[in-house]
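Presented below is the structure to which this report refers.
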Amino acid sequence: MTQPASPARPVTEKSPPPGGAPSPLRALAARADLRTLSLLGVLAALVVIGGVTQPEAFLDTDNLQLVLTQASVIGVVTVGMTFVIISGGIDLSVGAIVALASVWATTVATQEYGFAGILFTAVVVGLGCGLVNGLLIAYGGMVPFIATLAMLASGRGLALEITDGKTQMVTVDGVLRLGERDAYVLGVPPLVLVFAAVTVVGWLLLNRTTFGRRSVAVGGNAEAARLAGIDVRRQRLYLYLLSGLCCGIAAFLLVVLSGSGQNTNGNLYELDAIAAAIIGGTLLSGGRGTITGSVLGVLIFTTITNIFALNNLETAVQQIAKGAIIVAAVLVQRRASTT
């Protein structure tokens, strides 16, 4: 005789969902969404503070355009830095690479080739520096901190040698016009459009390609990634090339913004980019990070700087505030990783 079918067990609040327990990937996505909402909340609070303290100046269209334009240069650098940190590396040379690329692209000999010559030179110099970093780290076995620190010193020294400590003015009309209001597209400066494009490409590269998945895998556990068939050394080389490319693009944007090339360009960009990435949730130990969070980190820091400047607060106060924010972000990360 066949046994009668047992009645279906009712689903209670303690019963697991039909699809089973939430996967680690879904849990990570949920935390990322919460972090993004938190960053948006901080940015909104800063906008409110700026609107209350300096309503006419801060909320003026020209000032908001200035904030976005200033965020564009360091934002492009931060996108490349985010990939490097996700892979478990670090790049202390980004500011020096921006300076070297900007002065090399604004020499008299380079400007003779016009707009294309300046853009090409800036990008190639950035890629060249990234290639050197990548080779030293991936195939030379050097620690990223030491290799990029050496590039920082060398890049700054070479930039000073090229300029002899003088400012190199841009005379190419096509480059100068990009910084004028006539070049704005629907009220948006061209530099902001480039930043947006780099952000979208970076997001797609990290979240929708095998390159992004390999970068996360290398940062999470390099040995496990190697055993899984990933060429870890080649991946690291590509990542530093990507960082150098972003620095070259940022150098061109800085040339457009300032109309000149100086050996002091990109000063402390490495600290700002690392700080923005950390604020955005990128782990310094590697294996986790988001482009969206890093971009929001850039906007938060740029907005803070703008608010402080409008309220005539000293630069020292700005640096102290940034340092406090970085410490708070790291403490939050440590707390989240232990829960």
Side-chain angles (χ1 to χ4, degrees), residues 38-79 81 94-96 98-99 102 167 169-170 176 178-181 183-184 187-196 198-199 247 250-280 293-329:
S38 301
L39 291 172
L40 287 173
V42 172
L43 185 59
L46 289 173
V47 172
V48 171
I49 293 172
V52 170
T53 57
Q54 294 289 337
E56 295 183 1
F58 180 78
L59 297 177
D60 184 72
T61 303
D62 291 339
N63 183 64
L64 295 179
Q65 290 174 337
L66 175 63
V67 171
L68 292 175
T69 301
Q70 292 176 338
S72 298
V73 180
I74 185 61
V76 172
V77 174
T78 303
V79 170
M81 179 70 79
V94 291
V98 169
S102 68
T167 300
M169 303 304 298
V170 176
L176 296 175
L178 279 180
E180 298 177 354
R181 184 169 295 276
Y184 287 13
V188 180
L191 275 67
V192 178
L193 295 177
V194 174
F195 176 34
V198 171
T199 299
C247 289
F252 178 76
L253 297 182
L254 191 57
V255 168
V256 172
L257 183 62
S258 63
S260 64
Q262 305 176 53
N263 67 286
T264 56
N265 282 345
N267 187 35
L268 296 181
Y269 271 20
E270 54 278 356
L271 298 183
D272 289 342
I274 294 171
I278 294 173
I279 292 296
S294 296
V295 170
L296 289 175
V298 170
L299 293 176
I300 287 172
F301 274 126
T302 308
T303 304
I304 289 175
T305 301
N306 183 259
I307 292 174
F308 281 17
L310 291 177
N311 287 277
N312 297 319
L313 295 177
E314 296 180 359
T315 304
V317 179
Q318 299 180 28
Q319 299 300 329
I320 293 172
K322 287 183 179 181
I325 292 173
I326 294 171
V327 171

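We count residues from 1, following the sequence as given.
A 4.5 Å side-chain heavy-atom check between Leu64 and Leu68 finds every atom pair outside the cut-off. Taking the side chain as every heavy atom from C-beta outward, Ile274 and Met81 approach each other to under 4.5 Å. A heavy-atom distance below 4.5 Å is not found between the side chains of Ile279 and Val298.
Across all non-hydrogen atoms, the minimal contact from Glu270 to Val94 is CA-CG2, 3.4 Å. Taking both residues in full, the closest heavy atoms of Gly187 and Pro189 are given as O-CD, 3.7 Å, listed atom of the first, atom of the second, then distance. Nearest heavy atoms, Cys247 versus Val98: O-CG2, 3.7 Å. Pairing each heavy atom of Leu176 with each of Val170, the nearest pair is CD1-O, 3.7 Å. Shown here for Thr78 and Ala273, the closest heavy-atom pair between the two residues is OG1-CA, 3.6 Å.
By the side-chain contact (heavy atoms from CB on, under 4.5 Å) test, Thr264 is found to be paired with Gln262, residues two or more places apart in sequence or in another chain being considered. Evaluation of the side-chain hydrogen bond (donor to acceptor under 3.5 Å, both in side chains) rule for Ser294 yields Thr82 as partners, not counting sequence neighbours. By the ring-ring contact (aromatic ring centres under 6.0 Å, His included) test, Tyr269 pairs with no residue at all, sequence neighbours left out. Partners of Asn267 by side-chain contact (heavy atoms from CB on, under 4.5 Å), not counting sequence neighbours, listed by chain and number: Arg156. With sequence neighbours excluded, the residues satisfying side-chain contact (heavy atoms from CB on, under 4.5 Å) with Asp62 are Asp60, Gln65, Arg181. The side-chain contact (heavy atoms from CB on, under 4.5 Å) test applied to Ser102 returns Ala251, Val255, Asn265, not counting sequence neighbours.
Distance check, rounded to the nearest 0.5 Å: CZ of Phe195 to CG of Leu299 gives 6.0 Å. From Leu257, atom CG reaches atom OG1 of Thr69 across 7.0 Å, with rounding to the nearest 0.5 Å. Here CG of Leu178 is found 10.5 Å from CG of Leu193. Values are rounded to the nearest 0.5 Å. The distance from atom CD of Gln70 to atom OG1 of Thr305, rounded to the nearest 0.5 Å, is 8.0 Å. A distance of 10.0 Å separates CG of Leu254 from CD1 of Ile74, quoted to the nearest 0.5 Å. With values rounded to the nearest 0.5 angstrom, Leu66 atom CG is found 12.5 Å from Thr61 atom OG1.
Within the structure, salt bridge (charged side-chain N to carboxylate O under 4.0 Å, His left out) pairs that include any residue of residues 296-313 do not occur (at least two apart or interchain).
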List the steps, then state whether side chain to side chain contact (heavy atoms under 4.5 Å, CB included) holds for Phe58 with Ile49.
-> CA-CA 10 Å; Phe58 180 78; Ile49 293 172; over 6 Å; no
Run the numbers on Gln54 and Ile307 for side chain to side chain contact (heavy atoms under 4.5 Å, CB included), then give the verdict.
-> CA-CA 8 Å; Gln54 294 289 337; Ile307 292 174; over 6 Å; no
Check: residues 39-47 side-chain donor-acceptor pairs under 3.5 Å, at least two apart:
none

